[in-house]
Amino acid sequence: MDYFSRTRVKDIIYGNVREEDYRDITVLGWVRTKRVSSNIAFIELNDGSSLKNLQIVVLEPDKFPLDRISTGSSIKVKGYLEASPGAEQSVEMKAEEIIIVGEVTPDYPLQKKRHSFEFLREIAHLRPRTNTFGVVNRFRSKMAYAIHKYFQEQGFYYIHTPIITTSDAEGAGEMFRVTTLDLYNLPILEDGRINFKEDFFGQEAGLTVSGQLEAEVLACAIGDVYTFGPTFRAENSNTSRHASEFWMIEPEMAFCELEEMMDIIEDFLKYLFRYALENAEEEMQFFNQWIDKGRIKILEDIIDAEFGRITYTEAIEILEKADEKFEFPVKWGIDLQSEHERYLTEKYFKKPIMVTDYPKDIKAFYMRLNDDNKTVRAVDCLVPQVGEIVGGSQREERYDVLLARMKELGMDIENYQWFLDLRKYGSVPHAGFGLGFERILMYISGMSNIRDVIPFPRTPGNARF
RNA sequence: UCCCCGAUAGCUCAGUCGGUAGAGCAGAUGGCUGUUAACCAUCGAGUCGCAGGUUCGAGUCCUGCUCGGGGAGCCA
């Protein structure tokens, strides 16, 4: 199939092909549209390497099998490149030979005009062939690389935490169960409960809702680490910002306290925004033009701004004084609602902010208790339009304090003994945060539904493809 | 899980007061000397989401269900 001798459309469009190589070119790709008249025909060819199509010019249409080529067909074209007289492209390809690789039946659902995202979600196996989803998938790849690049450059190690787990990271969310038990013939104990000793792992197991606890183990041994992997939440939440399967980034730093971590969060986010603008220019231009006009300006402004930093208590004071009617009344001790977060970041600060030191009762057990005995060293990073984009905390490194908190919450201490051991043997201050990969993709691109930034979205009631 | 909105041709959508289905695009056929969502002409295309109900008559009104969207909660 001349795989290695073919030329990518991207390289032709962006001038990476030397002019002495113009004579003999082979391209492979899918037809986006075809325009035929009696003495000339044009084919727009896309090979997935770029948003841009290559215009194939066919000078004697009768001599080519154009009847069998339509939108969606895959073809191989041999010919030569030339400067194009047309206004829409600088280079085009004159076809000398066209070989049909795969024909298309007339019921091909993708057309050259715009489709709704709702419709395209129903054909997730074909939507990557559209402009938007081609851009989104290439962008996703580039940003995944950017995340690794940032942490590797900062001296972090990439670690793999288990996907099947028996610890449920308390409060992070409902777990999907993993079992090999016969659901039609369950081993029942005398008291009516299921005997999980007979299950594959000899105990209850599920898919990970967070790699944080295991990341702490690695951080307390090899220093700064990060995870970047799939995460599963069996929550029945049906919104444009939640998926049952998503990719999460969880950095964990040893010998690190909250303030240092906040510097890292701000630096990391700005790095990603800058990376997108500089290294995904084609994608960002597309988003800026078709998805959300002004997206680029928003990112540029944030890169230049210093994130606001306030405590939860200060945030409550601001909200209490706000000249704004909230559906949920503001009072110290409540969890901040979407409307509160939006007011703070969009109206009061008008930029990303980090809110710290939340009441301990609305946060997880492992967060470090402040001296006031009421608040914990947690941080949420809030950005305009999306709301919470990062959540993290300094971890409780004092054995006695952590144990007391776990007992207070009635947790099963035995299950978490390994976690407590970290505080028993050479404990160090450490901190970490979590970032939803799809959330950051949504924020940078302006795409408004999480189902459109992951190729095969998993949501309640839907796991097709 | 709760609240609101929607479902009509392959796609996007119109369908008035309840009177029996319509446009653009796509597809097929023909035409056109350089097109850019090409253009022009002709043709085919429908269990109006599903199940009931009201009515002489339902795409239209009512009830239930399914699926989709937006918002809320929960969170990343």
Side-chain angles (χ1 to χ4, degrees), chain A residues 32-44 52-61 67 70-72 82 84-89 92 94 104-123 126 130-131 169 171-174 208-212 227-250 327-328 334-339 341-342 362-364 380-383 386-392 433-443 448-454 459-462 464:
Chain A
R32 281 297 176 80
T33 179
K34 171 186 77 168
R35 297 181 288 272
V36 185
S37 51
S38 56
N39 293 323
I40 193 165
F42 301 91
I43 294 169
E44 297 291 330
K52 302 277 185 350
N53 302 322
L54 176 64
Q55 173 161 277
I56 310 283
V57 182
V58 183
L59 287 176
E60 293 171 283
D67 286 355
S70 59
T71 300
E82 254 183 12
S84 174
E88 302 290 312
Q89 62 282 315
E92 63 187 17
K94 291 267 166 60
V104 137
T105 52
D107 58 351
Y108 185 62
L110 289 176
Q111 297 168 23
K112 41 191 171 182
K113 68 170 192 167
R114 219 185 147 102
H115 292 286
S116 70
F117 287 168
E118 292 82 3
F119 169 66
L120 292 172
R121 276 174 213 143
E122 290 166 15
I123 49 167
L126 296 171
T130 64
N131 284 342
E174 286 292 310
T208 181
V209 292
S210 166
Q212 184 204 308
T227 71
F228 182 10
T231 308
F232 309 88
R233 302 267 170 97
E235 298 288 352
N236 187 16
S237 53
N238 225 305
T239 83
S240 55
R241 288 190 286 282
H242 291 82
S244 312
E245 176 181 305
F246 62 100
W247 285 63
M248 189 153 65
I249 300 124
E250 293 180 289
E327 193 189 331
F328 294 87
I334 62 152
D335 211 350
L336 295 181
Q337 304 294 314
S338 291
E339 55 176 347
E341 295 181 344
R342 229 175 280 132
I362 58 172
K363 288 292 180 184
D380 279 358
C381 181
L382 311 177
V383 296
V386 168
E388 185 184 338
I389 201 163
V390 170
F433 62 93
L435 173 79
F437 185 46
E438 287 77 16
R439 291 266 176 95
I440 198 77
L441 292 180
M442 288 169 73
Y443 185 67
S448 57
N449 196 311
I450 198 167
R451 283 166 262 233
D452 299 327
V453 294
I454 185 167
T459 50
N462 199 341
R464 278 192 74 211

Practice prompt. Please state whether the base of G6(B) and the side chain of Glu118(A) form at least one donor-acceptor pair under 3.5 Å?
Written response: no

Worksheet entry | Shortest side-chain distance from Arg451(A), nucleotide among G34(B), G70(B), A72(B) | G70(B)

Fill in: Which nucleotide in A38(B), G71(B), U35(B) has an atom nearest any side-chain atom of Ser37(A)
A38(B)

Worksheet, complete the sentence: Output field dot_bracket for RNA chain B (Watson-Crick or G-U, both distances under 3.5 Å, | for other-strand pairs) contains (((((((..((((.....[..)))).(((((.......))))).....(((((..]....))))))))))))....

Worksheet item: Of the nucleotides G73(B), G34(B), C75(B), which one has an atom closest to the side chain of Arg233(A)?
Response: C75(B)

Worksheet item: For Ser240(A) and G71(B), is the shortest distance between a side-chain N/O and OP1 or OP2 below 4.0 Å?
Response: yes

Worksheet item: If you look at every strand shown and take non-hydrogen atoms under 4.0 Å, does Gly391(A) touch a base, only sugar-phosphate, or nothing?
Response: nothing

Practice prompt. Indicate whether OP1 or OP2 belonging to U36(B) is found under 4.0 Å from a side-chain N or O atom of Arg32(A).
Written response: no

Response to the item:
Ranking Ser448(A) and Thr239(A) by the position along RNA chain B of their nearest nucleotide, the one closer to 5' is Ser448(A)

Discussion item. Can you tell me if Ser70(A) touches the phosphate of G27(B), counting only side-chain N or O atoms and a distance under 4.0 Å to OP1 or OP2?
Written reply: no

Worksheet item: Any idea which of U35(B), G69(B), G73(B) is nearest the Phe42(A) side chain?
Response: U35(B)

Discussion item. Among A38(B), U1(B), U36(B), which nucleotide has an atom closest to any side-chain atom of Asn236(A)?
Written reply: U1(B)

Worksheet item: Looking at Ser237(A), does any N or O in its side chain come under 4.0 Å of the phosphate oxygens OP1/OP2 on G73(B)?
Response: no

Worksheet item: If you find the nucleotide of RNA chain B closest to Ser38(A) and the one closest to Pro109(A), which residue's nucleotide is nearer the 5' end?
Response: Pro109(A)

Practice prompt. Can you figure out which of C74(B), U12(B), G70(B) approaches the side chain of Ser116(A) most closely?
Written response: U12(B)

Worksheet item: If you measure from the C1' atom in C75(B) to the same atom in G15(B), how many Å do you get, rounded?
Response: 43 Å

Item to complete: Pick the P atom in U63(B) and in G44(B), then give their distance to the nearest Å.
Response: 40 Å

Worksheet item: Roughly how far apart, to the nearest Å, are U66(B) and A58(B) at atom P?
Response: 26 Å

Worksheet item: What distance, rounded to whole Å, do you find between the two C1' atoms, one in G64(B) and one in U54(B)?
Response: 15 Å

Worksheet item: How many angstroms lie between atom CZ of Arg464(A) and atom CD of Glu122(A), to the nearest 0.5 angstrom?
Response: 8.0 Å

Worksheet item: Rounding to the closest angstrom, what is the interatomic distance between A38(B) and A26(B) at atom C1'?
Response: 15 Å

Discussion item. When you measure from the side-chain N and O atoms of Arg35(A) to the phosphate of U35(B), is any distance below 4.0 Å, counting only OP1 and OP2?
Written reply: no

Practice prompt. Check whether the side chain of Glu122(A) and the base of G68(B) form a donor-acceptor pair under 3.5 Å.
Written response: no

Discussion item. Using atom P in both nucleotides, what's the gap between U20(B) and C4(B) to the nearest angstrom?
Written reply: 34 Å

Worksheet entry | Polar side-chain contact Gln111(A)-U12(B) base: donor and acceptor under 3.5 Å | no

Item to complete: Pick base, sugar-phosphate or nothing for Arg464(A), based on heavy-atom distances below 4.0 Å to the nucleic acid.
Response: nothing

Worksheet item: Per the atom types in the model, does the base of C75(B) pair as donor or acceptor with the side chain of His242(A) at under 3.5 Å?
Response: yes

